[in-house]
K.L.:
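One structure, as structure tokens, below. Some questions next.
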Amino acid sequence: MNLNLSFFQKTMISIVFFLIVIIGFMIKLPIFFRHFDKELHTMFYFFSAALLNVLYKKRHLIIVVFLLIFGICIEFAQEYSNKFFHKRIHGRFDLEDIKANIRGIVAFSIIWLFIFFINYINSKKNNC
């Protein structure tokens, strides 16, 4: 997929996406979704890795590190917000959520590596 967007446009898309995400992560999930919390974490980080890799080609490692740090920071922010507002507006720091985030990132990375190697092999065949 080839997106002909400027770096500024890509950055603005990323910023808007993550501002919406931060708000989403800071409010309580509706009751229906609470039973699927870990799966939602995994799916979110999988698709976030996919989106960022489409926007920022050849930056996979930076994206992985960013998403890992982002996931940990969100968990701390949720815990802090409960103390700051003196009531529970969201859950609490949950190591299981971080593990679910990592599962999503790793799942996408496996697919990304597969695609990378297929493209690498094809490029070597075309150069022969």
Side-chain angles (χ1 to χ4, degrees):
M1 178 181 272
N2 188 8
L3 295 178
N4 293 322
L5 300 173
S6 70
F7 183 77
F8 176 77
Q9 290 170 319
K10 292 175 185 180
T11 303
M12 292 311 298
I13 290 169
S14 301
I15 289 171
V16 168
F17 175 73
F18 279 100
L19 286 175
I20 293 168
V21 165
I22 289 169
I23 293 167
F25 273 126
M26 294 308 293
I27 59 174
K28 276 189 178 182
L29 282 174
I31 292 173
F32 174 77
F33 292 113
R34 291 185 192 160
H35 301 289
F36 307 104
D37 179 51
K38 304 307 178 250
E39 292 83 359
L40 291 172
H41 276 266
T42 301
M43 284 177 34
F44 169 78
Y45 280 86
F46 179 90
F47 287 112
S48 293
L51 171 69
L52 292 173
N53 275 279
V54 167
L55 290 176
Y56 303 100
K57 299 210 181 298
K58 300 180 182 178
R59 303 280 187 259
H60 183 73
L61 187 58
I62 294 169
I63 292 166
V64 166
V65 170
F66 168 76
L67 287 173
L68 290 172
I69 292 170
F70 179 79
I72 292 167
C73 288
I74 285 291
E75 290 301 315
F76 278 114
Q78 289 172 352
E79 184 70 28
Y80 177 74
S81 69
N82 292 333
K83 293 175 185 171
F84 182 79
F85 291 108
H86 301 292
K87 70 182 229 178
R88 193 176 223 184
I89 63 168
H90 190 77
R92 63 198 177 348
F93 181 90
D94 188 356
L95 192 56
E96 294 300 315
D97 286 349
I98 294 172
K99 290 177 183 176
N101 301 348
I102 292 169
R103 280 192 297 273
I105 294 168
V106 168
F108 177 79
S109 294
I110 290 168
I111 293 169
W112 181 87
L113 281 171
F114 181 73
I115 293 169
F116 175 82
F117 284 121
I118 295 290
N119 288 337
Y120 178 77
I121 291 168
N122 284 339
S123 71
K124 289 295 181 187
K125 284 182 183 177
N126 292 338
N127 289 337
C128 293

K.L.:
Decide whether Ile69 and Ile62 are clustered together by the hydrophobic rule: side chain heavy atoms of Ile, Leu, Val, Met, Phe, Trp, Tyr closer than 4.5 Å, transitively.
P.N.:
no

K.L.:
In Å, rounded to the nearest 0.5 Å, how long is the span from OG of Ser123 to OH of Tyr120?
P.N.:
7.0 Å

K.L.:
Taking a hydrophobic cluster as the set of Ile, Leu, Val, Met, Phe, Trp and Tyr residues connected by side-chain heavy atoms closer than 4.5 Å, whether directly or through intermediates, do Met43 and Ile102 fall within one such cluster?
P.N.:
no

K.L.:
Please walk me through it: do Ile74 and Val21 pass side-chain contact (heavy atoms from CB on, under 4.5 Å)?
P.N.:
CA-CA 10 Å; Ile74 285 291; Val21 165; 5.9 Å; no

K.L.:
Quick check: does any side chain N or O of Lys38 sit under 3.5 Å from a backbone N or O of Ala100, one acting as donor and the other as acceptor?
P.N.:
no

K.L.:
Do Leu67 and Asn101 have side-chain heavy atoms sitting under 4.5 Å apart?
P.N.:
no

K.L.:
Please check: side-chain N/O of Tyr45 versus main-chain N/O of Phe108, any donor-acceptor pairing under 3.5 Å?
P.N.:
no

K.L.:
Where the side chain of Glu75 meets the backbone of Asp94, is there a donor-acceptor pair that is under 3.5 Å apart?
P.N.:
yes

K.L.:
Enter the distance from Ile63:CD1 to Leu68:CG here, rounded to the nearest 0.5 Å.
P.N.:
12.0 Å

K.L.:
Establish whether Phe76 and Phe44 are linked, either directly or via other cluster members, by ILVMFWY side-chain heavy-atom contacts under 4.5 Å.
P.N.:
yes

K.L.:
Strictly under 6.0 Å, is that where the ring centroids of Phe18 and Phe66 end up?
P.N.:
yes

K.L.:
Is the closest side-chain heavy-atom distance between Tyr56 and Ser14 below 4.5 Å?
P.N.:
yes

K.L.:
How long is the straight-line distance from CG of Asn53 back to CD1 of Ile115, given to the nearest 0.5 Å?
P.N.:
9.5 Å

K.L.:
Distance check, rounded to the nearest 0.5 Å: Ile20 atom CD1 versus Ile15 atom CD1?
P.N.:
12.0 Å

K.L.:
Ile72 and Phe46: same hydrophobic cluster, using ILVMFWY side-chain contacts below 4.5 Å?
P.N.:
no

K.L.:
What's the spacing between Phe17 CZ and Leu52 CG if we round to 0.5 Å?
P.N.:
7.0 Å

K.L.:
With rounding to the nearest 0.5 angstrom, report the NZ to CG distance, Lys10 to Leu5.
P.N.:
6.5 Å

K.L.:
How about Ile98 and Phe93: do any of their side-chain heavy atoms sit closer than 4.5 Å?
P.N.:
yes

K.L.:
Do Leu55 and Phe8 sit in the same hydrophobic cluster, where Ile, Leu, Val, Met, Phe, Trp and Tyr count as joined when their side-chain heavy atoms come under 4.5 Å apart?
P.N.:
no

